[in-house]
Amino acid sequence: MKIATWNVNSVRVRWSQVGDWLAQQRPDVLCLQELKCEASQFPWEAFQKLGYSALVAGQKAYNGVALLSREPGIDEEVGLGDFADPQQRVIAATFQGIRVVSVYCPNGDSLGSDKYQYKLTWFDALQRYVQRALERYPRLVMAGDYNIAPHDQDIHDPKAWAGEVLCSPPEREKFEALLSLGLRDCFRQVKPWESEAFSWWHYRINAFKRNLGLRIDHVLASEGLIEGLQDCQIDKVPRGWERPSDHAPVMATFDL
DNA sequence: ATGGTTGATCGTCAA
């Protein structure tokens, strides 16, 4: 089973690229983030033509998450349950007995900002959500844009980035807390020592060509699934396409 | 040099 994630930065701009990538890679489930549109504007037909069903949590202009899948999902749930959030950042459903969650975690803007505080509070709600979800769904994959580079290894220039948003100690503690619930970072599980492996590059300063990036998009899997993990790859190719998303897709392959 | 890019929406906000 292949489960992938991609922050597409507007699904209305990127639907054709997503379609091309789906046709090439044929993941069983693709978690999308930053749709930047309402469900009524979602390009359902483009994915339907490729044999993919969609579950969509959209909103006007910002955020928005979805699950594309070869087989329809069941038991769809939108949001974090006990945390009322007007921003659409979480959608979950079950595929072939695997609970899959697509997450778009807050960016945080800068340390000390209101958005940074919201990010930390939001991660506390995500922590409670995952704790509950694992009780009900021990076979769980949560994939998306976490907006956190977990270790210095995940940053092109750790000294320049030290203490900045996306890698500040409080953010990293929130990420580690999620792992402490029994989730593993699939990429690090497969490639513990690989450096210079990034999933996001700024549009400015020729960041992609110079590989000035961060690894902030992650596929996390519950412990029961890890023994079946075969591979996890960041596909940099779509980031080099014309008018790309600033994020690359990440895909984990499980032998289940 | 407080610059630089992209997207939603149409004056800024968000990333």
Side-chain angles (χ1 to χ4, degrees), chain A residues 5-21 31-44 46-47 56-66 79 85-91 102-123 126 143-150 154-157 159-168 170-172 174-175 198-218 234-250:
Chain A
T5 179
W6 197 358
N7 178 326
V8 292
N9 187 16
S10 173
V11 76
R12 284 180 290 173
V13 171
R14 229 69 67 190
W15 63 268
S16 173
Q17 292 188 22
V18 175
D20 288 348
W21 193 80
C31 303
L32 297 178
Q33 300 88 36
E34 283 214 87
L35 306 180
K36 292 191 169 180
C37 67
E38 294 174 314
S40 61
Q41 303 168 301
F42 187 84
W44 304 86
F47 303 129
V56 177
Q59 69 175 85
K60 189 178 177 183
Y62 303 119
N63 308 306
V65 285
D85 189 355
Q87 304 184 21
Q88 297 283 41
R89 296 183 175 278
V90 181
I91 187 168
S102 177
V103 286
Y104 176 47
C105 306
N107 171 279
D109 187 51
S110 56
L111 268 67
S113 67
D114 290 348
K115 287 176 193 165
Y116 184 77
Q117 193 52 53
Y118 162 70
K119 181 176 191 174
L120 297 180
T121 305
W122 190 93
F123 267 96
L126 183 65
D145 177 1
Y146 286 78
N147 269 311
I148 296 176
D154 303 311
I155 303 177
H156 68 91
D157 186 347
K159 284 181 183 168
W161 276 83
E164 294 289 328
V165 74
L166 308 185
C167 62
S168 71
E171 292 166 87
R172 285 177 164 176
K174 301 299 184 192
F175 189 81
F198 309 126
S199 67
W200 171 83
W201 301 259
H202 213 291
Y203 281 125
R204 293 176 269 187
I205 63 167
N206 257 326
F208 180 63
K209 281 182 181 168
R210 300 158 66 196
N211 200 27
L212 307 179
L214 276 70
R215 195 176 69 92
I216 58 175
D217 299 86
H218 310 296
I234 303 169
D235 186 0
K236 288 174 68 172
V237 173
R239 185 62 180 79
W241 289 345
E242 192 80 21
R243 206 180 177 195
S245 167
D246 45 352
H247 294 253
V250 184

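When reading the values below, keep in mind they use all heavy atoms of this one structure, side chains included, and skip hydrogens, waters and symmetry mates.
Atom OH in A:Tyr203 sits roughly 5 Å away from atom P in B:dG7 (whole-Å rounding). Rounded to whole Å, the distance from CG on A:Asn206 to P on B:dT5 is 9 Å. Counting to the nearest Å, the C1' atom of B:dA8 and the CD atom of A:Gln87 are 15 Å from each other. Taking atom OH of residue A:Tyr118 and atom C1' of nucleotide B:dA15, one finds them 14 Å apart after rounding to whole Å. In this structure, OH of A:Tyr146 is placed 18 Å from P of B:dA15, rounded to the nearest angstrom. One atom, CZ of A:Phe208, and another, P of B:dG4, lie 23 Å apart when rounded to the nearest Å. When the P atom of B:dA15 is taken as reference, atom NE2 of A:His247 falls 10 Å away, rounded to whole Å. Atom P of nucleotide B:dT6 and atom CH2 of A:Trp201 are separated by 16 Å, given to the nearest angstrom.
B:dT12 and B:dA1: their C1' atoms are spaced 23 Å apart (whole Å).
Annotation: A:Asp157, atom CG; neighbour count of heavy atoms from other residues, nucleotides and ligands within 6.0 Å is above 12.
Shortest non-hydrogen contact noted between A:Pro106 and A:Asn147 is O-CB, 3.4 Å. In plain terms, the two heavy atoms of A:Asn63 and A:Gln88 that are nearest each other are CB-O, 3.4 Å. Across all their heavy atoms, A:Ala248 and A:Asp235 have their closest contact at CB-O, 3.4 Å.
A sub-4.0 Å separation between OP1 or OP2 of B:dA14 and a side-chain N or O of A:Lys115 is present. Using a 4.0 Å cut-off, no side-chain N or O of A:Arg243 falls inside it from OP1 or OP2 of B:dT5. In this model, the phosphate group of B:dG7 is approached by a side-chain N or O of A:Arg14 to a distance below 4.0 Å at OP1 or OP2.
Listed nucleotides: B:dA15, B:dA8, B:dG7. Nearest to the side chain of A:Asn9: B:dG7. Among the nucleotides B:dA15, B:dA8, B:dC13, the one closest to the side chain of A:Tyr62 is B:dC13.
Here A:Tyr104 lies in heavy-atom contact (under 4.0 Å) with sugar-phosphate atoms only.
Rounding to the nearest 0.5 Å gives a distance of 11.5 Å between CZ of A:Phe208 and CZ of A:Phe198.
Annotation: of the two residues near DNA chain B, A:Pro106 and A:Ser10, the 5′-most nearest-nucleotide partner is A:Ser10. Sequence order on DNA chain B of the closest nucleotides to A:Asp109 and A:His202 puts A:His202 first from the 5' end.
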